[in-house]
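As structure tokens, the structure follows; a few thoughts come after it.
All values below were derived from every heavy atom in this structure, side-chain atoms included, with hydrogens, water molecules and symmetry-related copies excluded. In what follows, chains carry the letters A, B, and so on, assigned in the order in which the sequence lines appear, proteins first and then strands, with residues in each chain numbered from 1.
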There are 2 protein chains.
Amino acid sequence: MARETHLPVLFQLFRQYGYDGVSLSQIANKTELGKASLYHHFPGGKAEMVTAALAYRGLWVEENVFLPLRADRPALARFQQMCDRLSELYQSGQSPCLLAALTTGAKRDVFQAQVKEHLQRLTGAIAEVLLASGLDPQAARQRAEEAVVAIQGSLILARGLDDFTVFERAIASVPERLCAGLDSKP
Amino acid sequence: MARETHLPVLFQLFRQYGYDGVSLSQIANKTELGKASLYHHFPGGKAEMVTAALAYRGLWVEENVFLPLRADRPALARFQQMCDRLSELYQSGQSPCLLAALTTGAKRDVFQAQVKEHLQRLTGAIAEVLLASGLDPQAARQRAEEAVVAIQGSLILARGLDDFTVFERAIASVPERLCAGLDSKP
DNA sequence: GTCTATATTAAGATAGAC
DNA sequence: GTCTATCTTAATATAGAC
């Protein structure tokens with residue numbers, strides 16, 4: 001099996017349990033590979049598997065979130081699509097964010113830079129739409145930040161309360177909050 | 001040394017690294033105790049240490065957050081005090097939330113109920129103030145939820161972006177958001 | 001590309017002396 | 001209440017055959 005076949009498995013495992021919460025035996029089970037085979041595909045061990053999972057996520061987000069965000073449509077519609085895709089990514093709040101999972105744990109520093117870049121790309125992509133819609137740079141950045149805060153926070157709370165409607169409510173309010181007071185046709 | 005002496009250490013360790021990210025050797029180092037001594041104080045091992053850390057946090061929040069929240073003052077002032085204390089708890093965004101840290105990891109299920117209760121107490125305490133200020137139960141609950149979402153989300157984002165001003169901005173906006181459109185003297 | 005077998009280290013946990 | 005010493009298991013990782 002090719003290396004890419006196993007990326008979804010790695011992604012799911014690490015987002016759910018974090019770096020320290022996943023063992024190689026667990027990965028071997030889920031991928032149906034021996035440990036040695038895992039090291040063939042990922043010579044750098046667990047750390048390289050996480051990096052691969054991050055890259056896999058990055059690609060998915062690029063295609064499914066950033067691309068629609070640059071489409072030639074009203075800002076509100078673009079944000080609605082973004083939220084649809086993010087709901088898919090997070091499975092309506094039932095699956096945690098890999099980025100958030102990697103902000104904790106013993107090896108946090110190893111992934112800090114990668115996590116930061118992913119988060120910056122998301123806030124940046126949102127802010128760009130707002131900028132093109134006439135918002136000044138600071139307000140655009142601030143609003144984008146608030147949207148990401150709402151998404152991340154609702155994921156945490158949904159999980160902690162074991163009530164996924166928290167995420168659904170939060171994500172549903174994001175598009176209109178982002179567009180509040182905007183000229184409707186950018 | 002008495003058991004309580006070491007609770008702050010446990011609290012700090014687990015909030016920062018999560019359950020799986022902390023080893024007994026690490027705890028032994030930070031507490032300056034041998035492993036065997038740790039088991040004297042916490043016969044249930046690491047899981048019991050986490051429960052003790054949760055209880056320690058619960059007591060702190062009860063005294064420093066919930067008590068002021070029930071004071072005989074305007075709602076806005078009470079929320080401002082709440083946010084001051086939460087800023088203290090999270091060290092202006094530099095220290096993660098123990099509850100959030102425990103929503104991930106291999107042993108998540110073990111602490112699920114405790115985390116849920118802590119989160120419910122917080123949203124409940126906030127909602128009660130809003131209720132007494134004339135908001136209907138559903139709106140009160142919804143606003144309280146949004147406040148906790150903002151706090152948790154900004155903690156994640158601050159850590160991921162390595163920019164603690166994200167938390168400071170978010171927490172600063174919480175009191176007024178909670179009180180928006182309220183009769184000012186409840 | 002995958003396997004069995006194994007090396008090595010560290011983990012969580014306990015026994016029993018002081 | 002704390003220690004040293006030790007047990008047991010599981011972790012990451014590698015060697016080398018197929």
Starting at [atom1] of [X] and ending at [atom2] of [N], how long is that distance when rounded to a whole Å?
{"X": "B:Lys35", "N": "D:dT2", "atom1": "NZ", "atom2": "C1'", "value": "15 Å"}
{"X": "B:His40", "N": "D:dG1", "atom1": "NE2", "atom2": "C1'", "value": "5 Å"}
{"X": "A:Ile27", "N": "D:dA10", "atom1": "CD1", "atom2": "P", "value": "17 Å"}
{"X": "B:Leu24", "N": "C:dA13", "atom1": "CG", "atom2": "C1'", "value": "8 Å"}
{"X": "A:Gln26", "N": "D:dT12", "atom1": "CD", "atom2": "C1'", "value": "14 Å"}
{"X": "B:Glu32", "N": "D:dG1", "atom1": "CD", "atom2": "P", "value": "17 Å"}
{"X": "A:Glu48", "N": "D:dT12", "atom1": "CD", "atom2": "C1'", "value": "15 Å"}
{"X": "A:His6", "N": "C:dT2", "atom1": "NE2", "atom2": "C1'", "value": "10 Å"}

Could you tell me whether [X] and [Y] have a side-chain N and a carboxylate O separated by less than 4.0 Å?
{"X": "B:Arg141", "Y": "B:Glu146", "value": "no"}
{"X": "A:Arg70", "Y": "A:Glu62", "value": "yes"}
{"X": "B:Arg177", "Y": "B:Glu145", "value": "no"}

**Request:** Identify the two heavy atoms, one from A:Ser133 and one from A:Ala75, that lie closest to each other, and give their separation to 0.1 Å.
**Result:**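 Closest heavy-atom pair between A:Ser133 and A:Ala75: OG-CB, 3.6 Å.
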**Asked** Do the non-hydrogen side-chain atoms of A:Pro68 and A:Arg78 ever get within less than 4.5 Å of each other?
**Response**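 Side chain of A:Pro68 against side chain of A:Arg78, heavy atoms only: no contact under 4.5 Å found.
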**Prompt:** With a 4.0 Å cut-off on heavy atoms, is A:Lys46 in touch with a base, just the backbone sugar-phosphate, or nothing at all?
**Reply:**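 Sugar-phosphate contact only.
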Give a yes/no on whether any side-chain N or O of [X] is located under 4.0 angstrom from OP1 or OP2 of [N].
{"X": "A:Ser25", "N": "D:dA10", "answer": "no"}
{"X": "B:Tyr39", "N": "C:dA13", "answer": "yes"}
{"X": "B:Ser37", "N": "D:dG1", "answer": "no"}

**Side chain of A:Ser23 (C-beta onward), nearest among D:dA11, C:dG12, D:dT2** =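 Looking only at side-chain atoms, A:Ser23 lies closest to D:dA11.
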**Prompt:** What's the closest nucleotide to the B:Ala36 side chain, out of C:dT4, D:dC3, D:dG1?
**Reply:**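 Given the options C:dT4, D:dC3, D:dG1, the side chain of B:Ala36 is closest to D:dC3.
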